[in-house]
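Report on the structure given below.
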Amino acid sequence: MEGCYEHNFTLQMALDNSWRTRKQCPVAWLDISNTFGSVPHRHIFSTLRELGLPDGVIDLVRELYHSCTMTVRTTNGETAEIPIQLGVRQGCPLSPIIINLAMEPLLRAMAGGPGRLDLYGQKLSIVACADDLVLLTPDTTQLQQMLDMTSEAARWMGLCFNVAKCASLHINRRQKSCVLDSTLTIQGQVMRHLHDGNKY
């Protein structure tokens, strides 16, 4: 919960700063479809290795996910075992940690993007709390470049964005109407842009 407060406070500071300095502040809120249920196991293991976790820890996680199956109970009885190769274990205390580690390559790709918003001397491009992501850049051209990079990184990881839950906001205090209509896309789909008075 404290991560959400920090997330919102940082975003509010960025928007207030653009208001005060009369600069642009394009923002994109991103929602990954079913992150906890769709991250591929192969991505989890390769990321743990890439992050330098000890072999013993990786082997322990691999054992938790080895030969996971499920069956479906129907009126005709249970189905044959269905292998599970995506998602983290529901209710397992390790699952949130595994998701955070699995998201790290995506966050690094996003943080290394072309644009960073200057916020009181600090360069900021992404605010993240688990799988809730917000991108901030100095202009919409750089924001679209970051969205393209993010799309490719997510595709490489086997993740998709739920465009119905993604949104953008483009504030430019140099314009008479400071909330502008800007068309931005994520994974080839147009995101909803917020107007003055809209909520996300």
Side-chain angles (χ1 to χ4, degrees), residues 1-4 6-7 10 27-72 79-116 124-137 142-168 184-191:
M1 192 56 129
E2 286 155 4
C4 291
E6 182 182 340
H7 195 147
T10 303
V27 181
W29 287 269
L30 303 179
D31 181 82
I32 298 171
S33 296
N34 187 21
T35 310
F36 284 77
S38 63
V39 63
H41 294 171
R42 61 173 169 69
H43 171 71
I44 291 170
F45 306 138
S46 65
T47 300
L48 295 180
R49 188 163 309 287
E50 193 177 304
L51 293 174
L53 269 70
D55 288 341
V57 172
I58 297 171
D59 290 343
L60 176 67
V61 174
R62 195 181 295 276
E63 187 63 32
L64 283 172
Y65 289 91
H66 179 69
S67 298
C68 286
T69 61
M70 69 175 212
T71 60
V72 178
T79 64
E81 289 187 345
I82 303 165
I84 300 173
Q85 298 173 339
L86 302 172
V88 293
R89 297 172 70 98
Q90 192 172 16
C92 176
L94 265 181
S95 292
I97 296 167
I98 290 172
I99 283 293
N100 282 340
L101 293 172
M103 292 291 291
E104 191 62 24
L106 180 62
L107 299 179
R108 288 182 182 183
M110 294 163 82
R116 289 184 179 85
L124 181 68
S125 59
I126 179 171
V127 180
C129 182
D131 61 338
D132 295 317
L133 311 172
V134 179
L135 297 180
L136 303 131
T137 59
Q142 291 180 59
L143 182 55
Q144 186 57 62
Q145 290 171 350
M146 282 191 68
L147 288 165
D148 293 343
M149 285 179 60
T150 303
S151 296
E152 282 307 307
R155 222 177 254 122
W156 171 78
M157 290 170 59
L159 299 174
C160 293
F161 289 97
N162 181 354
V163 74
K165 291 186 178 179
C166 295
S168 66
L184 297 165
T185 62
I186 186 76
Q187 287 184 331
Q189 296 182 289
V190 177
M191 296 167 50

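In what follows, residues are counted from 1 in the order of the sequence shown. Predicted model only: the values in this text are computed from it and were never measured.
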Donor-acceptor pair, distance only, cut-off 3.5 Å: does the side chain of [X] make one with the backbone of [Y]?
X      : Y      : value
Gln187 : Cys160 : no
Ser95  : Val88  : no
Ser33  : Asn162 : yes

Calculate, to the nearest 0.5 Å, the distance between atoms [atom1] and [atom2] belonging to [X] and [Y] respectively.
X      : Y      : atom1 : atom2 : answer
Leu143 : Asp148 : CG    : CG    : 9.5 Å
Asn100 : Leu107 : CG    : CG    : 8.5 Å
Cys166 : Met191 : SG    : CE    : 5.5 Å
Arg42  : Leu86  : CZ    : CG    : 8.5 Å

Report task. Could you list the residues that satisfy side chain to side chain contact (heavy atoms under 4.5 Å, CB included) with Thr35, not counting sequence neighbours? Result ->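 Result, side chain to side chain contact (heavy atoms under 4.5 Å, CB included) vs Thr35: Ile32, Ile99, Met103, Asp131.
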Query raised in the report: Who pairs with Met157 by side chain to side chain contact (heavy atoms under 4.5 Å, CB included), at least two apart in sequence or on another chain?
Result: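 Side chain to side chain contact (heavy atoms under 4.5 Å, CB included) list for Met157, sorted by chain: His43, Leu106, Leu159.
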Query raised in the report: If you look only at pairs with a residue in residues 85-109, which of them pass as a ring-ring contact (aromatic ring centres under 6.0 Å, His included), with sequence neighbours excluded?
Result: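 Residue pairs passing ring-ring contact (aromatic ring centres under 6.0 Å, His included), neighbours aside: none found.
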**Report entry** Sequence-distant partners of Glu50, salt bridge (Lys or Arg N to Asp or Glu O under 4.0 Å), two or more places apart
**Finding:**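 Counting only residues at least two positions away or on another chain, Glu50 forms no salt bridge (Lys or Arg N to Asp or Glu O under 4.0 Å).
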Query raised in the report: Mind checking what makes salt bridge (Lys or Arg N to Asp or Glu O under 4.0 Å) contact with Glu152, not counting sequence neighbours?
Result: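 Scan of Glu152 (salt bridge (Lys or Arg N to Asp or Glu O under 4.0 Å), adjacent residues dropped) gives Arg155.
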Query - Residue Glu81 excluded, over 12 heavy atoms near CD under 6.0 Å - result: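 Count not over threshold, so no.
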Query raised in the report: Run the side chain to side chain contact (heavy atoms under 4.5 Å, CB included) check on Val163 and Thr185 step by step: do they pass?
Result: CA-CA 9 Å; Val163 74; Thr185 62; over 6 Å; no
Taking only distance into account, with no hydrogens and no angle test, what donor-acceptor pairs under 3.5 Å do side-chain atoms of residues 51-71 form with protein atoms, sequence neighbours excluded?
{"from": "Asp55", "atom 1": "OD1", "to": "Arg49", "atom 2": "NH1", "distance (Å)": "3.1"}
{"from": "Tyr65", "atom 1": "OH", "to": "Arg89", "atom 2": "N", "distance (Å)": "3.1"}
{"from": "Thr71", "atom 1": "OG1", "to": "Glu78", "atom 2": "OE1", "distance (Å)": "3.3"}

Query raised in the report: Do the side chains of His41 and Ile84 get nearer than 4.5 Å, heavy atoms only?
Result: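 The answer is yes; the side chains approach within 4.5 Å.
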**Report entry** Heavy-atom check, side chain of Met149 versus side chain of Leu135, under 4.5 Å
**Finding:**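 Not in contact.
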**Report entry** Evaluation steps, side chain to side chain contact (heavy atoms under 4.5 Å, CB included), between Gln145 and Thr137
**Finding:** CA-CA 10 Å; Gln145 290 171 350; Thr137 59; over 6 Å; no
List the atom of [X], the atom of [Y], and the distance in Å for their closest heavy-atom pair.
X      : Y      : value
Ser151 : Ile186 : OG-CD1, 3.4 Å
Pro105 : Leu101 : CD-O, 3.7 Å
Ser125 : Ala111 : OG-CA, 3.6 Å

